Amino acid sequence: IILFTTFVSGSGGRYNDDFDDGEDLADFDDNDFAEFEDMNDDLAAEAETAPPPRVSPSSQPEEDEDEATVELEDGQDGFDDSETQDQDMYSKYDQEEFEGVGDMEKTGHSMKDPLIIHTVPAHLQNSWESYYMEILMVTGLLAYIMNYIIGKNKNSRLAQAWFNSHRELLESNFALVGDDGTSKEAVSTGKLNQENEHIYNLWCSGRVCCEGMLIQLKFLKRQDLLNVLARMMRPACDQVQIKVTLNDEDMDTFVFAVGTKKAMARLQKEMQDLSEFCGDKPKSGAKYGLPESLAILTEMGEVTDGVMDNKMVHYITNHADKIESIHFSDQFSGPKVMQEEGQPLKLPETKKTLLFTFNVPGMGNTSPKDMDTLLPLMNMVIYSIDKVKKLRLNREGKQKADRNRARVEENFLKQTHAQRQEAAQTRREEKKRAEKERIMNEEDPERQRRLEREPDSMPR
Amino acid sequence: SQTLLGSVPRRLVAVVPVEYKPPSTETNPTLEDPTPDYMNLLGMIFSMCGLMLKLKWCAWIAVYCSFISFANSRSSEDTKQMMSSFMLSISAVVMSYLQNPQPMSPPW
């Protein structure tokens, strides 16, 4: 009975198969167990030939078969003999009469395939693992926030380090160190003005020879992870930009610039005054004792001789790696302004200015200690202020400079002449139109009275 | 320490300090970095896409955009603008998940 029930349970799975129906009719003729006989023989034959190619589909029915066969072996001995006898009989008949059995074996196995175990689709599962994209996103956000905090702190530490090393020099030279423009009186705040997470300003004023000095610490955007990644491709460095504005009597009329070749080429194209007054290509600095990597743009040779005295050459040569550009100009008006309606109608305002751009050493990987290396450059800035005050062109140079400026102004007026005429014309036309409208809008008797009179005598 | 530069010691000259004027970038906004404005706009567009088209990845990108805009912002920027873009992107993410709690599928 135990055997019978196991056979039934074993064959329960097989009743789903199609070929069983055909075989049932054929086999049940002989004995009740003929069906099972075939299955057992199939198994034996299969084991003899080759290991089953598909483990998962056939494993389930095979397991049942194995169970069934195990049970059989464990069961009553009586059946063993008959089973083996049957197997022998079957194997004898195998080649002669049972031609299609091999095929049926194969089809049998192939028909066992439908029992494929599918994996549950991700959206129906209820585990945390299926939300891996979300976890990735949140991790990315956390990484961004971490980088923001770290970058912000690093920039802040660098700025403080710079200020601590330069504070003494600045306070001894300027009466007002640090002003954020909010208070009415010019009171020294004594600290940096933070414009941004990566830009710090410092305004110093109250010194002879200059109106004031604005120092901008332009650090890299360490607080933005995108920027950090971009910098891995294209290294950049922190910069210190110093802009000294001078009073009119503090500087003679000249335009001069020195710096790296790349910077000089760029400034000559971009800056209004350099493009107008320094027409020649940048000359190599080697002629004046500067390193090869630096180039000079100048209005005239005398200016270069005047600016590049021994001390300046000494300063620049010693710190050439940190100098990006130095630009002295009495006609400074910033970069060229591109306007849609062609040239601007009036000359841009100019201011006597000294501009310095220094690169912080370290190419991005700076530490607060590196800020001390910029101190000699600040000394150079102060020295330059005094020098420019004393530098005066001789008579010939002055005449040349005046002629240059007159030429530039004339060119400008010529270029804009057509535009200015047009502008004047349109202004006149608009005035006339306004007049006509006023006449139209008046009430009838008034209008008649006015129309009778000359239009020009109307009150405006 | 007293520094003598040039021939005139500083303390002997009465100089009136000049007050600080904000730099000219206010009059010339093209010199400023346009990143925070672009990121703000992108963030708003993505969050609207995420809300309307129920795309989860749009909403997540909107959150990233508003974070980037915040990191690059200038001090003169309106914090209200920043907060509103941030809130919009967060609400886009939350709404996308409320409507469809299934996890996001990668595009590959």
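Note that the structure is a prediction, hence the values are computed from the model and not measured.
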Worksheet item: Just by distance, do the side chain of Tyr144(A) and the backbone of Tyr64(B) share a donor-acceptor pair under 3.5 Å?
Response: no
Worksheet entry | Lys152(A), NZ: over 12 other non-hydrogen atoms inside 6.0 angstrom | no
Fill in: Taking every non-hydrogen atom, the tightest pair across Thr35(B) and Lys221(A)
OG1-NZ, 4.2 Å
Discussion item. At a 4.5 Å cut-off on heavy atoms, which part of Ser73(B) comes close to chain A: side chain, backbone, both, or neither?
Written reply: backbone
Fill in: Within 6.0 Å of CD in Glu249(A), more than 12 heavy atoms from elsewhere
yes
Worksheet entry | Whether Glu197(A) side chain and Ala71(B) backbone form a donor-acceptor pair below 3.5 Å | no
Discussion item. So for Leu226(A), is it side chain, backbone, both, or neither that comes closer than 4.5 Å to the heavy atoms of chain B?
Written reply: side chain
Worksheet item: What distance do Tyr131(A) atom OH and Gln102(B) atom CD have between them, rounded to the nearest 0.5 Å?
Response: 8.0 Å
Item to complete: Give a yes or no on whether Lys154(A) atom NZ has more than 12 heavy-atom contacts from other residues, nucleotides or ligands under 6.0 Å away.
Response: yes
Worksheet item: Is the closest side-chain heavy-atom distance between Pro103(B) and Glu134(A) below 4.5 Å?
Response: yes
Worksheet item: Within residues 50-59 of chain B, which positions have a heavy-atom distance to chain A below 4.5 Å?
Response: Lys56(B)
Practice prompt. Report yes if the side chains of Leu225(A) and Phe67(B) come closer than 4.5 Å at any heavy-atom pair, otherwise no.
Written response: no
Fill in: Ring centroid separation Phe70(B) to Tyr148(A) under 6.0 Å
yes
Item to complete: Go through the atoms of Ile199(A) and report whether side chain, backbone, both or neither lie under 4.5 Å from a heavy atom of chain B.
Response: neither
